[in-house]
K.L.:
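The structure's right below; bear with me while I get my questions together.
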2 protein chains.
Amino acid sequence: MNKNKENNTIIKSKREKDTKERIFKAAIDLFSEKGFDAASMREIAEMVGIKKASLYSHYNSKDQILEKILKYPIKRMGTVGQQDVNTEELIVSLGLEKFMDLAGDLILSWMEDPYMEKIWRIICIELYHNPQIKKFYSEFISLSCSYWESAFDLMIKHKLIKPIDPRLLASEYLSFYGNSYMEYFILHYDGSSASYLDEYKNRIEKHSKFIINSIKQNEEIKLGD
Amino acid sequence: MNKNKENNTIIKSKREKDTKERIFKAAIDLFSEKGFDAASMREIAEMVGIKKASLYSHYNSKDQILEKILKYPIKRMGTVGQQDVNTEELIVSLGLEKFMDLAGDLILSWMEDPYMEKIWRIICIELYHNPQIKKFYSEFISLSCSYWESAFDLMIKHKLIKPIDPRLLASEYLSFYGNSYMEYFILHYDGSSASYLDEYKNRIEKHSKFIINSIKQNEEIKLGD
DNA sequence: CCTACCGATCGGTAGG
DNA sequence: CCTACCGATCGGTAGG
């Protein structure tokens, strides 16, 4: 008797967890497809196969679902970006070209998670309309700029690149990424992935080479040093 | 009798035209402040000082108001960009630096119209949510890229810059603009103008110098030619 | 997890 | 240019 009750509780809570996750996934799909406002709670419920009112046993509000979605990239950033390696050591040991290649690969690997792609699209299309998303994006941009500013600063210190304002370099390097992703997610994204993405990968690779060529220390000057 | 009737007709149609323009301005203000969807016809009417139903004697729908707003930048583009000057002559006669300065000034002067700033904000914040705006933006980007691609191509032809893929150069040059404006309008715009705008002007000037330095033909190579 | 309901708000129209 | 109204849709709740 007791065993049976326990079993039921376990099964029930497992099903509940499962439903909560299905709601999460359905919300990502719908928000990324139609935008946060245009996707209704009714549609989310329909996709999960339950009635709208039942959503509220798992989440208190539509905003709370979005809140949980925005926590996902932060978790992912943690696992990808927060290695214990020292940036200065990495730059010195790899050199300019290889360090930049590694950084580019990291950003790409971060994007290849299918959730991340959809979540970025949600962020891009709701950047203005949602204060929650605006705050998240501002902080993300600010963190990225700081990281790259200090990276370029270290490169100058080790005479790997010309002494150009590292803040300017960071924004030259990152604005191309920003603009490319925005364009991709807003103008060309069709949910099928891979289609346009390869073209963007190609463009970003060329951009990286252009920047490297523009800032690397000239050979002659190096010799004369 | 006849004279009086005529006069009344003129006065009436003048007032009608005036109201139509006040609706136009109110819509620009409200759409740029809150976004197209969030600004309601009731609010527009309230700002103009009439009732909502009266709006429909001037415009058939909310979408038609937006349509008219989007025609404004095209008219402005016509007056600013479509001079009869030949780009090739301009590049040869001015040289690299002065041509780039002129182009930057043109873009800025285009932005300094107070309507344009608000309309750009509408475009940025509604880029995804509104198919009309998406189409307008796509075409604008495509036109800008083509123009700059051919401009860089001409510079290469006249050996003013290094022979780098002109398509890449166009997107290096323009993506910084795109990203800066997007960031300005979405994260820092507060309607008061001038506040952050100066900072962005400064950043864009530095960007232009960075690009010029990266692509200009080295003196030595020029001599050896 | 459901049915049945709520108030709020929207763009737009009829008729004067 | 107005009053008065329309159907549609939204997020969320009560109560079981």
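Just so it is clear: chains get the letters A, B, ... in the order the sequence lines come, proteins before strands, and each one is counted from 1.
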K.L.:
Between C:dG12 atom C1' and B:E43 atom CD, what is the distance in whole Å?
P.N.:
17 Å
K.L.:
Specify the residue among B:M41 and A:R42 whose closest nucleotide of DNA chain C lies further upstream toward the 5′ end.
P.N.:
A:R42
K.L.:
Write down the distance between CG (B:N60) and C1' (C:dG12), rounded to a whole number of angstrom.
P.N.:
11 Å
K.L.:
Give a yes or no on whether B:K206 atom NZ has more than 12 heavy-atom contacts from other residues, nucleotides or ligands under 6.0 Å away.
P.N.:
no
K.L.:
Base, sugar-phosphate, or nothing: which does B:S54 touch, judged by heavy atoms less than 4.0 Å apart?
P.N.:
base
K.L.:
Nearest-nucleotide wise, let me know which of B:K52 and A:S61 is further upstream toward the 5' end of DNA chain D.
P.N.:
B:K52
K.L.:
Rounding to a whole Å, what distance do you find between B:F36:CZ and C:dC10:C1'?
P.N.:
12 Å
K.L.:
Under 4.0 Å, counting only non-hydrogen atoms across every strand here, what does A:A38 touch: a base, just sugar-phosphate, or nothing?
P.N.:
nothing
K.L.:
Tell me the interatomic distance from A:I44, atom CD1, to D:dG11, atom P, rounded to whole angstroms.
P.N.:
8 Å
K.L.:
What's the OH-P distance between B:Y56 and C:dG12, to the nearest Å?
P.N.:
4 Å
K.L.:
What's the CD1-P distance between B:I50 and D:dC2, to the nearest Å?
P.N.:
6 Å
K.L.:
Strictly by Watson-Crick or wobble contacts shorter than 3.5 Å, is anything paired with D:dG7, and which nucleotide is it?
P.N.:
C:dC10
K.L.:
Just how far, in rounded Å, is P of C:dG12 from CD1 of B:I23?
P.N.:
13 Å
K.L.:
Here's one to test your reading of the geometry: is the NZ or CZ of A:K20 within 45 degrees of the ring axis of A:Y59 and under 6.0 Å from its centre?
P.N.:
yes
K.L.:
Whether B:T19 contacts D:dC1 is assessed here as follows: a side-chain N or O lying under 4.0 Å from the phosphate OP1 or OP2. Is that the case?
P.N.:
yes
K.L.:
Within the structure shown, what part of the strands sits under 4.0 Å from A:A39 by heavy-atom distance: base, sugar-phosphate, or nothing?
P.N.:
sugar-phosphate
K.L.:
Over how many whole Å does the gap from A:Y59 atom OH to D:dT13 atom P extend?
P.N.:
17 Å
K.L.:
My understanding is that only one of B:K118, B:K34, B:R22 makes a salt bridge (Lys or Arg N to Asp or Glu O under 4.0 Å) with B:D29; could you say which?
P.N.:
B:K118
K.L.:
Who is the Watson-Crick or G-U wobble partner of C:dG15, with both distances under 3.5 Å?
P.N.:
D:dC2
K.L.:
For A:K62 and D:dG11, is the shortest distance between a side-chain N/O and OP1 or OP2 below 4.0 Å?
P.N.:
yes
K.L.:
What are the two closest non-hydrogen atoms of B:A170 and B:C145, and how far apart are they?
P.N.:
CB-O, 4.0 Å
K.L.:
Could you label the plane-to-plane angle of the A:Y200 and A:Y184 rings as parallel, tilted or perpendicular, counting under 30° as parallel and over 60° as perpendicular?
P.N.:
tilted
